[in-house]
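Some notes on the structure that comes next.
Only heavy atoms go into these numbers, but all of them, side chains included; no hydrogens, no water, no symmetry mates.
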Amino acid sequence: MLISGINMIHRMRNLAQMFTATDYMLMTQALRLAERGLYTTTPNPRVGCVIVRDGRVIGSGWHEKAGQPHAEINALNSAGAAACGATAYVTLEPCSHHGRTPPCANALIEAGVAKVIVALEDPNPVVSGRGRALLEQAGVVVQTGLLQTEAHALNIGFVSRMIKRKPWVRLKIAASLDGKTALNNGSSQWITGEAARQDGHRWRARSCAVMTGIGTVQADDPRLTVRQVNTTRQPKKIVVDRRLAIPLTAKLLRSAEETWIVTATDNDSEKKAALQRMGVTVTVLPGVGGMVDLKAVMTILADSGINEILVEAGSGLNGALVAADLVDELVIYLAPHLLGDVAQGICKLPELVQLDQKKALAIQDLRMVGSDIRIIARFE
């Protein structure tokens, strides 16, 4: 047992020594490039690439938008003929299959790249490892795992969709210090300050879709658009509306962004037809007790290329999603106010009778945003 433990330590040390300080620096540069596609690459992953030869960066690029060249192609175009014999730092395993663009692994081989260092292996189980195999068969040296945690975080929704067939689901919540999201009469604008609201728009901008419930639509009439962040893409809008009660005058129906309403009833054919004439997709997904089948919703969204969902809803939908184990992350802004016991809470959940029934969370990040506290937490 002791010898086995020592061998494991040696293997871990060898892994740590596999990459140099320069490797870390260059992969960090590739990750910063990948971040430039944070708001635009959906449904594709965010990927950056840096090409180095003789200690000098000769090419760099990132994937900017689905259907456009991948990061490796942009970097190779930047490097030109100098890429022969160079090392490429890529934040995600180069693709091996023909999609809207040719395989990047083949492009690296054809350019004569000698070595490829990869942060994260492709999470798609159908193609994972194939890009590496193609490169190695062509004599290219491949190393993986450099800053893979950071690369995973940048593409957390893409990874979830590939592995779990489910988008990464965030609940964004603005609450008082006593955990209240609105007054008892529904008034909630504004609990948090301007800085927190602007930060919330950044989460909207990186999301493939924003989800809300019919209660929020009726109470606040939100637009669910990104307005405080510069972006060329707006997220899709999803409304969970089990009785198809949404007013045809709702603001979120007036904009050009794709809107999807999921309902549990197919009784109001006239209302459904009116919504469809407005360009809205209406899907009937009945679940238990006349509610919408939220798990089926997530499967359909994953199959349609949705990586990350930001939920901006009331306690009813929040609670239903948490109860169904569909929430991955909470982004909570706590304002320095108290709203009292009768105000509305964060999540409507069944009463607990034992403390061991509690929903345990792990704090990922805690910081001030303006005058408010932002907490990012994940379910354990």
Ignoring hydrogens and angles, tell me if any N or O in the side chain of Q198 forms a donor-acceptor pair with the backbone of A195 under 3.5 Å.
-> no

D241 side chain vs I246 backbone, donor-acceptor pair below 3.5 Å = yes

Heavy-atom neighbours of E270 CD exceed 12 at 6.0 Å = no

For the pair K237 (side chain) and E258 (backbone), establish whether a donor and an acceptor sit closer than 3.5 Å, ignoring hydrogens and angles.
-> no

Closest approach of L134 to S96 (non-hydrogen atoms, all atoms of both residues) = CD1-CB, 3.6 Å

Throw together a table of side-chain donor-acceptor distances under 3.5 angstrom for residues 333-347, partners on residues two or more places apart or in other chains.
| unit_1 | atom_1 | unit_2 | atom_2 | d |
| --- | --- | --- | --- | --- |
| Y333 | OH | D199 | OD2 | 2.5 |
| Y333 | OH | W203 | NE1 | 3.3 |
| H337 | NE2 | I191 | O | 3.1 |
| Q344 | NE2 | L183 | O | 3.3 |

Interatomic distance, M291 atom CE to T263 atom OG1 [nearest 0.5 angstrom] = 11.0 Å

Is the CZ atom of R254 crowded by more than 12 outside heavy atoms at less than 6.0 Å?
-> yes

Kindly give the heavy-atom pair with the smallest separation between A83 and A79, and that separation in Å.
-> CB-CB, 4.1 Å

Does the side chain of W62 come within less than 4.5 Å of T41's, by heavy atoms?
-> no

All side-chain contact (heavy atoms from CB on, under 4.5 Å) counterparts of N77, not counting sequence neighbours = I73

Heavy-atom neighbours of D303 CG exceed 12 at 6.0 Å = yes

Measure from the side-chain N and O atoms of E93 to the backbone N and O of G131, and report whether any donor-acceptor pair falls under 3.5 Å.
-> yes

With respect to E308, which candidate in K172, R170, R161, K166 satisfies the salt bridge (Lys or Arg N to Asp or Glu O under 4.0 Å) definition?
-> R170

Closest non-hydrogen atoms of F19 and T144, given as atom of the first, atom of the second and distance, are CZ-O, 3.5 Å

For R36, check salt bridge (Lys or Arg N to Asp or Glu O under 4.0 Å) against everything at least two apart and list the hits.
-> none

Going by atom types alone, do D23 and T20 pair a side-chain donor with an acceptor below 3.5 Å?
-> yes

Side-chain contact, heavy-atom cut-off 4.5 Å: E194 with Q228?
-> yes

Using the side chain to side chain contact (heavy atoms under 4.5 Å, CB included) rule, take V297 and V240 through it: C-alpha gap first, then chi angles, then the decisive distance, then the call.
-> CA-CA 9 Å; V297 170; V240 179; 5.8 Å; no

Are L26 and V57 side-chain neighbours, meaning at least one heavy-atom pair lies under 4.5 Å?
-> yes

When the side chains of residues 111-125 are checked against the rest of the protein, which donor-acceptor pairs come out under 3.5 Å, sequence neighbours left out?
| unit_1 | atom_1 | unit_2 | atom_2 | d |
| --- | --- | --- | --- | --- |
| K115 | NZ | Q143 | OE1 | 3.0 |
| D122 | OD1 | N124 | N | 2.9 |
| N124 | OD1 | V126 | N | 3.0 |

Any side-chain heavy-atom pair from L147 and Y24 closer than 4.5 angstrom?
-> yes

How would you list all residue pairs meeting salt bridge (charged side-chain N to carboxylate O under 4.0 Å, His left out) that involve residues 133-160, not counting sequence neighbours?
-> R132-E136

Among residues two or more places apart or on two chains, list those pairs meeting salt bridge (charged side-chain N to carboxylate O under 4.0 Å, His left out) that have a residue in residues 207-230.
-> none

Of all residues at least two apart in sequence or in a different chain, which pass the side chain to side chain donor-acceptor pair (under 3.5 Å) check with T283?
-> W260

Please report the C-alpha distance between I238 and I261 in whole Å, then the side-chain angles of each, then the deciding distance to 0.1 Å, and finally whether the side chain to side chain contact (heavy atoms under 4.5 Å, CB included) criterion is met.
-> CA-CA 6 Å; I238 304 163; I261 297 177; over 6 Å; no

Could you list the residues that satisfy side chain to side chain donor-acceptor pair (under 3.5 Å) with D266, not counting sequence neighbours?
-> K272

For R204 and T225, indicate whether the former's side chain and the latter's backbone hold a donor-acceptor pair under 3.5 Å.
-> yes

So, do L244 and L275 sit near enough that their side-chain heavy atoms are less than 4.5 Å apart?
-> yes

Do T91 and L154 pass the side chain to side chain contact (heavy atoms under 4.5 Å, CB included) test, and can you show the C-alpha distance, the side-chain angles, and the key distance before you say yes or no?
-> CA-CA 10 Å; T91 61; L154 189 59; 5.6 Å; no

Check step by step if side chain to side chain contact (heavy atoms under 4.5 Å, CB included) holds for I309 and M298.
-> CA-CA 9 Å; I309 295 175; M298 294 303 169; 3.8 Å; yes

Donor-acceptor contact below 3.5 Å, side chain R243 vs main chain T265 | no

Can you name the residues that form a side-chain contact (heavy atoms from CB on, under 4.5 Å) with E110, not counting sequence neighbours?
-> N106

Treat each ILVMFWY residue as a node, draw an edge where side-chain heavy atoms are under 4.5 Å apart, and state whether L361 and V331 are in one component.
-> no

Does atom NZ of K348 have more than 12 heavy-atom neighbours, drawn from other residues, nucleotides or ligands, at distances under 6.0 Å?
-> no

Where do P43 and N307 come nearest, in terms of heavy atoms and distance?
-> O-ND2, 3.0 Å

Which heavy-atom pair separates M278 from L248 by the least distance, and what is that distance?
-> CE-O, 3.6 Å

Who pairs with A320 by side-chain contact (heavy atoms from CB on, under 4.5 Å), at least two apart in sequence or on another chain?
-> L294

If only atom types and distance count, is the side chain of T212 paired as donor or acceptor with the main-chain N or O of T216 below 3.5 Å?
-> no

Sub-4.5 Å side-chain heavy-atom contact between V210 and E312 | yes

Going through the distances and angles, do D365 and R367 end up as a salt bridge (Lys or Arg N to Asp or Glu O under 4.0 Å)?
-> CA-CA 7 Å; D365 186 72; R367 68 182 66 187; 2.8 Å; yes

Taking side chain as C-beta onward, heavy atoms only, is Y39 less than 4.5 Å from R202?
-> yes

What are the two closest heavy atoms between A34 and G48, and how far apart are they?
-> CB-N, 3.3 Å

Sort out for me which residue in L301, T42, V169 forms a side chain to side chain contact (heavy atoms under 4.5 Å, CB included) with I306.
-> L301

State whether the side chain of T40 and the backbone N or O of E64 hold a donor-acceptor pair below 3.5 Å, judged by distance alone.
-> yes

Backbone of M25 reached by a side-chain donor or acceptor of Q29 within 3.5 Å = no

Close side-chain approach of L108 to V140, heavy-atom, < 4.5 Å = no

Taking only residues at least two apart or on different chains, which pairs with a member in residues 351-362 satisfy salt bridge (charged side-chain N to carboxylate O under 4.0 Å, His left out)?
-> D325-K359

Taking it one step at a time, do R378 and D328 satisfy salt bridge (Lys or Arg N to Asp or Glu O under 4.0 Å)?
-> CA-CA 6 Å; R378 295 177 186 171; D328 299 292; over 6 Å; no

Is there a donor-acceptor contact under 3.5 Å from the side chain of H63 to the main chain of P45?
-> no

With distance as the sole criterion, is a donor-acceptor pair present between the side chains of N155 and R46 under 3.5 Å?
-> no

Contacts of E380 that satisfy side-chain contact (heavy atoms from CB on, under 4.5 Å) - sequence neighbours left out = A360, A362

